[in-house]
Amino acid sequence: MKAAVVVANEDVQYQEIEEPKVTKGAVKIKVRYSGICGSDIPRVLNHGVHFYPIVLGHEFSGDVVEVGEGVTKVKVGDRVSGAPLLPCMKCDDCQQGNFSLCKHYSFIGSRQQGSNADYVVVPEQNAVPFDKSVSYEQGAMFEPATVAIHGVFQNDYHGGEYVAILGGGTVGMFTMQWTKIFGSKKVVVFDISDERLELAKRLGADEVINTKEEGYMEKAMAITGGKGYGFVFETAGQVPTMHMAFELAANKAHVCFIGTPHENLTFTPAQWENMNRKEFKLTGSWMSYSAPYPGREWDLTAHYFATGQLKFDPGFVYKKIPMSQAQEAFQLFKTPGLVKGKILLSNEED
């Protein structure tokens, strides 16, 4: 089969490699689309892989073409997405259903062969079927959608409150939608791109605020009558938005950091004191799994994609690029701010 193989730093080659074989309890998936995740970029451009050569890719959709002995969850012909985590299932965290916290895990697309290829083989439990009404492009968005809802659960979310979403990326857009599905009073998306804010409005945001504009904080607080936001979700992983989260939070609020920072994060005493004086609860969120594996995050994503309540928009996708041009696709990320949205590597005929 053909695959986009990372053979060295900044060197992705479209090569013929051995096709993976189906084993007991596993399924083979013919990959339609494989998304480039933000975590893949340093893997390719900054010596970030565990070993060379490697096939990356962990956000994917496709069709089941072969099943191993004992498989009952899916059948040949099913449309599926893939849950990429391979927890050990034996440690204390796994035994308690906290699979994201497993320290002995493997991972499809970083520690073993991923989906940037014609085929990928995954354990039966990692194949997540989705309805034929859901496109393959949307099917490749399962992973970021589940990351979003996991953060919502981590933040002890309930409806009837004002919600702030900091960051209008893919995870932010899904977080916004989940909070609306589960009954927000009003959800406001904050970003620096008018284009992303327009997308947020199309997807159902009640209000959007460009944080480059003067007086944005006063506008944001006015929406809540000056009380602040009962639930705050930071999804950008940026220092300014993490500081902003502390300022936007209401008294007794719930604040969740879903985004992963890549710079040192410091707070002044006055900034940090927001948490003390407001007595808000701060939590983190990591990946997207719960018991029974892979969890309700994946089941609910499949359900709400099928009902149409969890929306997909063409604006999620920056470009669809043939798998054979994966090298060129990764080079696009060298230009800061160029890629707005998801790049999907495609095995589709068109």
Side-chain angles (χ1 to χ4, degrees), residues 1-6 12-37 40 53-87 106-146 288-289 293-295 298-299 301-303 305-306 312 317 320-326 329 342-350:
M1 71 171 184
K2 290 283 195 177
V5 185
V6 186
V12 184
Q13 296 183 12
Y14 192 56
Q15 298 179 343
E16 188 75 31
I17 66 170
E18 185 177 354
E19 192 169 308
K21 293 183 171 55
V22 173
T23 54
K24 183 177 179 180
V27 301
K28 181 189 281 189
I29 300 165
K30 181 175 175 57
V31 178
R32 297 289 190 128
Y33 289 103
S34 184
I36 296 179
C37 174
D40 290 325
I54 186 170
V55 177
L56 299 179
H58 62 269
E59 301 177 1
F60 61 94
S61 65
D63 303 289
V64 175
V65 293
E66 187 181 348
V67 299
E69 179 187 344
V71 170
T72 58
K73 179 182 173 183
V74 296
K75 62 184 183 303
V76 172
D78 282 352
R79 291 187 180 204
V80 293
S81 186
L85 181 69
L86 299 167
S106 187
F107 200 87
I108 296 162
S110 74
R111 295 168 187 258
Q112 62 184 65
Q113 183 193 301
S115 57
N116 292 350
D118 289 338
Y119 298 97
V120 64
V121 169
V122 305
E124 173 187 18
Q125 63 186 2
N126 292 69
V128 181
F130 60 87
D131 193 79
K132 285 186 168 24
S133 65
V134 177
S135 71
Y136 290 107
E137 292 92 336
Q138 188 170 355
M141 296 286 186
F142 261 73
E143 210 262 349
T146 61
S288 56
Y289 303 92
Y293 187 86
W298 296 80
D299 291 339
T301 296
H303 172 74
F305 271 166
F312 176 78
V317 179
K320 292 191 282 187
I321 296 176
M323 191 71 70
S324 58
Q325 297 174 26
K342 183 68 64 177
I343 289 181
L344 294 178
L345 298 176
S346 170
N347 283 324
E348 294 275 59
E349 297 299 325
D350 58 3

Practice problem: Evaluate the side-chain proximity of Lys2 to Glu16: yes if any heavy-atom separation is below 4.5 Å, no if none is. | Solution: yes

Quiz item: Is there a donor-acceptor contact under 3.5 Å from the side chain of Trp298 to the main chain of Ser288?
Solution: yes

Practice problem: Answer with yes or no after comparing the ring centroid distance for Phe142 and Phe60 against a 6.0 Å cut-off, counting only values under it. | Solution: no

Self-check item: Donor-acceptor under 3.5 Å (Thr23 side chain, Ala26 main chain)
Solution: no

Quiz item: From Met1 CE over to Lys30 NZ, what is the distance, rounded to the nearest 0.5 angstrom?
Solution: 10.5 Å

Self-check item: Donor-acceptor contact present, side-chain Glu124 to main-chain Lys73, <3.5 Å
Solution: yes

Quiz item: CG/Asp78 to NZ/Lys132 distance, rounded to the nearest 0.5 angstrom?
Solution: 6.5 Å

Quiz item: For Gly139, does its backbone N or O pair with a side-chain atom of Ser81 as donor and acceptor, under 3.5 Å?
Solution: yes

Self-check item: Main-chain N/O of Ala3 paired to Tyr14 side chain as donor or acceptor, under 3.5 Å
Solution: no

Quiz item: Backbone N or O of Tyr119 within a donor-acceptor pair of the Gln113 side chain at under 3.5 Å?
Solution: yes

Quiz item: Within the distance-only criterion (no hydrogens, no angle test), does the side chain of Arg79 pair as donor or acceptor with the backbone N or O of Ser133 below 3.5 angstrom?
Solution: no

Quiz item: Less than 4.5 Å apart, any side-chain heavy atom of Ser346 and any of Met323?
Solution: no

Self-check item: N/O donor-acceptor pair under 3.5 Å between Asn347 side chain and Ala117 backbone
Solution: yes

Practice problem: For the residue pair Leu345 and Pro322, establish whether any side-chain heavy-atom pair is separated by less than 4.5 Å. | Solution: no

Quiz item: For Ala302 and Pro129, which heavy atoms make the closest approach, and how far apart are they?
Solution: CB-O, 3.9 Å

Quiz item: Out of curiosity, Leu344 CG to Ser61 OG, how far, rounded to the nearest 0.5 Å?
Solution: 8.0 Å

Quiz prompt | Test item: Phe107 and His58 side chains (from C-beta on) under 4.5 Å apart, heavy atoms | solution = yes

Self-check item: Non-hydrogen side-chain atoms of Ile343 and Ile321 separated by less than 4.5 Å
Solution: yes

Exercise. Measure the NZ-CG distance between Lys28 and Asp118 for me, rounded to the nearest 0.5 Å.
Key: 10.0 Å

Self-check item: Interatomic distance, Lys342 atom NZ to Met141 atom CE [nearest 0.5 angstrom]
Solution: 6.0 Å

Practice problem: Taking Asp131 for its side chain and Ala306 for its backbone only, find out whether a donor-acceptor pair lies under 3.5 Å. | Solution: no

Quiz prompt | Charged tip of Arg32 within 45° of Tyr136 ring normal and under 6.0 Å | solution = yes

Exercise. Would you check if there is a donor-acceptor pair between the side chains of Gln125 and Tyr293 at a distance under 3.5 Å?
Key: no

